[in-house]
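This report refers to the structure that appears directly beneath it.
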Number of protein chains: 2
Amino acid sequence: MRKTTIKDVAKKAEVSVATVSRTLNDPDSVKKSTREKVLDTVEKMEYDPNPVAKALRLNKVNSIGLIVPNITNTSMAEIIRGAHEELGDHGYNTVLFNSGEDFRREEHFCEIIQNTMVDGVIFVTGTGATPPVEMLSSDLAACLINRKSELEYVDQVMADEEEGMKLLTYHFNRMGHKRIGFITGNQQTSATKNKLKGYKNFFENNELEFNNEYVVSGNWTIEGAFLAMKELLGLKEKPTAVIIGTDTMALGALSAIRDSGLSIPEDIAISGFDNSPSSEYYTPPLTTLKYPNYKLGKLSARSILNRLENPDREKKNINIPLDIMIRKSCGYRIGFDQNR
Amino acid sequence: MRKTTIKDVAKKAEVSVATVSRTLNDPDSVKKSTREKVLDTVEKMEYDPNPVAKALRLNKVNSIGLIVPNITNTSMAEIIRGAHEELGDHGYNTVLFNSGEDFRREEHFCEIIQNTMVDGVIFVTGTGATPPVEMLSSDLAACLINRKSELEYVDQVMADEEEGMKLLTYHFNRMGHKRIGFITGNQQTSATKNKLKGYKNFFENNELEFNNEYVVSGNWTIEGAFLAMKELLGLKEKPTAVIIGTDTMALGALSAIRDSGLSIPEDIAISGFDNSPSSEYYTPPLTTLKYPNYKLGKLSARSILNRLENPDREKKNINIPLDIMIRKSCGYRIGFDQNR
DNA sequence: GAGTTGAAGATAAATGTTTTTAAAAAGTAT
DNA sequence: ATACTTTTTAAAAACATTTATCTTCAACTC
C-alpha cells in the first residue's frame, strides 16, 4: 500500500492539488467550506505531506547537525539537551554526531555533513584544533561552542573558562593558599588551554611565582587524575590546594588523597570544575564552578535558528560567565567572606 | 552562488546527466575514458550530489530516529554511543529525540516522526507504558530497547534486568543476609518493574518472607535515594543489605548511611545497579551490575539496519544477560567464594 | 555487403511537493 | 444586468536525482 500523496487527496476531495497545498500551508487563502472539505479528506486518508519532497522544493530540511566530542560526558549531555530542546521547540530536528575527541572523525563529519540533510551545524570540538568549518559548504549556518573562528559568517557562544579559572585561583588565594596545583584535562584541548591561561594570568597579575611542577595532566580520566594527584603529593613542597579540571576527574584525585592518608580539606583543599549533578554528593561535597552547559546548547541553537532566518546578519559572539559554587572540599571557614 | 548540480557537470563534461549519475553510482558501467572525464569535472566543480533529491528518488533518507527518555543519564549516553557508532559505520545518520521521561512527548515524537526524514526508529522509553509504536507508519523499521511489543514487525533487544536482580539478591543471601532492602527508581517504569520481579521471585523461590517495607522508591534521584535510605534506616528491624536501583542513586544512599554514623559495608552492605564509570571510585567502591548499555545501542542499530535490508524477516528478540561486579561495598570477606 | 550483436550513452519519465500563471468560475455590490 | 472581487482551476515549472527504455554506432558474422 503506497502512501497517499497530495494528488490522491486532491482527487478524492474534488479540488486541485494547488488548493490542497494552500489549505495546508496558508489556510486563510481558501474559502471556509472548501477548507473544511479538504481538511476532512486529509484526515480521512491520513495524508502526511512527504517531508523529502517538501524539503527538495523549499530547499530546507528543518534539521540541524550537532557535532560533539563525547556524548558520554555529562556536560556534553546537557549541551545536547539544551540545543535539542530549543531546536525542537522551533520544529527542527537534531542530527547527532559523536566524534569521540578524534580530529579525524571531526573532519570526516564535516565532509559527510555536506551529503547529509541539515540546514546548519552546531559544533563542539574536543580536539585542540579549531574545527574544520572552512570545509563546510557556505550555505550551511554554523555555530561554534567554546571555540573561536576567523570566519565572518560563523557564530560562536562560549563559556568564559579563563575568567572562571581566575575566580577559582583567586578564591584559594584569599583563603591563604600560595601553592595551588592544577590537574588538567588533555593539554591539547582548548578547554584546558583556556583554563591554563586563567591560571597563569592569576599568578602574573598577583606577582606570585608560577611553578610548572604544579600543573599536571589527568588526561580527562578518573584514573589519570588519580595518578596526577599522586604525582603532586610526591613533590617535596606539596601544593596546599588543587584545582581539578573536571568534577569527574576530581573523583580520582579525592581517592588518591585519601589513599595517601591525607584529609580533605584540612591537609589539601580541592575544587573541581563543572558542577556536575553528583559533585554535591562527593565526600566531601565538592567546591566547583557552575558550567552553563544547558545554556550553551540553548543559545547556540537560538543563534543558528536566528541566522537561518537572517543569513546576512553580522557575526554573533556570546560569552557566558561562570559562577563559583562553594562547598566543603575547599575548606571554607565559618565567618570567612565567601559571599554565599 | 548556486550549488553545482548534476546538470552543470553534465554540460561541462559534455555528456548526459545519466552518464554522470552512472559514473558516480556504477562506475563499471561506463567506459574508462568517459569515466575519467566525468570524475575530473566532478572534482573540478566540487560537485556533491544533493542528498534530498537523492532521497526523494530512492525513497530512502539514510537516517534513523533515536528516541530516548533522558540524554543526561550516563547509561543512556552509552546506548546512544553504541547506536550512533553502528549506524554511522553503515552510512546512516542519527536523529535524536529526548522525551525527558514524558509520555506526552513520546507520543508527540511518534507523531512528528512521520513528517521527519527517517527510515526507521529505535525506541527506548522511560515511561511505564509501551511506546506508541502503533502510531508509527508501518513502512518505518522499528526496534524497541528494553520494552516489549505485540507487533510482529517490531524488533526488540533487552537487558535481562529480572535475572540480574536475582543474581544480586542471591549473592547477598549467600553472604548470610536475610533482610535485604531495595531502593527503586520510579515505580511506574518497567525498568523498576522488572527488577522488582526478580527481587520478589528470589524470595518466593527460596521460601523467604517478603517484606514490603523494605522496598522504597528513590524516584531515580540522588536526593530521593538519600531520603529512601533514611526511611530504611528508621525501621525497627533495619535491613542489613540494600540494593539500589541505579549507581547514581547509590551516591545518595551512601551519603545517608554515613550521615547516620553507620559504616559500609560493616553495618550495611550495599550494591548499585548499572556499573556506571564512576562507581568504582565511590567510597567504598560500589558492588554493582554491569548494564550492557553500549551493546544495547549497538545491537538495536544492527537490528534496524538488518530489517531495512530485509523488511519481511521474522521478528527478532534479543536478550542480553547482566554480570555482577563485586567491589567493596557489598562486604565480601577474604576466602569467601566470590568467583572473582 | 547485409544483417546481427553488444556496448555506450542519450532521452525522458518518475519521485511528491510548492508556486506561478492565466483563465475560468462563482459570488457581490451597484 | 454590469462590473468588480474573490475563489478556484488546470497546467506547468522547479527542485536534483535515478533509471527504464531507446538510439547510435562500431564490430563481427556469414
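The chains referred to below are lettered A, B, ... by the order of the sequence lines, with proteins before strands, and numbering in each begins at 1.
Among the heavy atoms of the strands, none lies under 4.0 Å from B:Val52. If you check every strand for non-hydrogen atoms under 4.0 Å, B:Thr5 touches sugar and phosphate atoms only. Within 4.0 Å (heavy atoms only), A:Leu56 reaches at least one base atom of the nucleic acid.
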CA sep, side-chain torsions, deciding dist, call: A:Asn146, A:Asn194, side chain to side chain contact (heavy atoms under 4.5 Å, CB included): CA-CA 10 Å; A:Asn146 280 346; A:Asn194 289 338; 5.9 Å; no
Side chain to side chain contact (heavy atoms under 4.5 Å, CB included) assessment of B:Thr23 paired with B:Thr34: CA-CA 9 Å; B:Thr23 313; B:Thr34 32; over 6 Å; no
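Taking every heavy atom of residues 24-46 of chain A and every atom of DNA chain D, pairs under 4.0 Å involve A:Val30, A:Lys31, A:Thr34, by number.
The nearest whole Å value for the distance from the CD atom in B:Glu14 to the C1' atom in C:dT11 is 18 Å. A straight line from NZ of A:Lys11 to P of C:dG16 spans 13 Å, rounded to a whole angstrom. For the pair B:Asn115 CG and C:dT17 P, the computed distance is 11 Å after rounding to whole Å. For the pair A:Asp8 CG and C:dT15 C1', the interatomic distance rounds to 13 Å; values are reported in whole Å. Between B:Asn50 atom CG and D:dC15 atom P there is a gap of 11 Å when expressed in whole angstrom units. A:Lys7 has its NZ atom 16 Å from the C1' atom of D:dT9, to the nearest Å. One atom, CG of A:Asp48, and another, C1' of C:dT17, lie 14 Å apart when rounded to the nearest Å. To the nearest angstrom, C1' of D:dC15 lies 14 Å from CE of B:Met117.
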Protein-to-nucleotide contact annotation, 5' to 3' order, nucleotides 20-25 of chain D [B base; S sugar-phosphate only; - none; under 4.0 Å, heavy atom]: ------
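Using a 4.0 Å cut-off between charged side-chain N and carboxylate O, B:Lys315 and B:Glu152 make no salt bridge. Salt bridge B:Arg313/B:Asp155: present, at least one basic N to carboxylate O contact under 4.0 Å. With respect to B:Glu78 and B:Arg81, a salt bridge is recorded, a charged nitrogen being found less than 4.0 Å from a carboxylate O.
Evaluated for a side-chain contact (heavy atoms from CB on, under 4.5 Å) with B:Ile64, the options B:Asn93, B:Val118, B:Ile304, B:Val95 yield exactly one hit, B:Ile304. When each of A:Val124, A:Ile318, A:Ile122, A:Val157 is tested with A:Leu296 by the rule side-chain contact (heavy atoms from CB on, under 4.5 Å), just one qualifies, namely A:Val157.
Contact of the B:Val68 side chain with the B:Ile80 side chain is registered, since non-hydrogen atoms from C-beta on lie closer than 4.5 Å.
Minimum atom distance to the side chain of A:Val15 is reached by D:dT9, of the listed D:dT9, C:dT17, C:dT11. Minimum atom distance to the side chain of B:Thr19 is reached by C:dG9, of the listed D:dT17, C:dG16, C:dG9.
Under the ring pair (Phe, Tyr, Trp, His ring centres under 6.0 Å) criterion, the residue pairs touching residues 50-101 of chain B are B:Phe97-B:Phe109, with sequence neighbours excluded.
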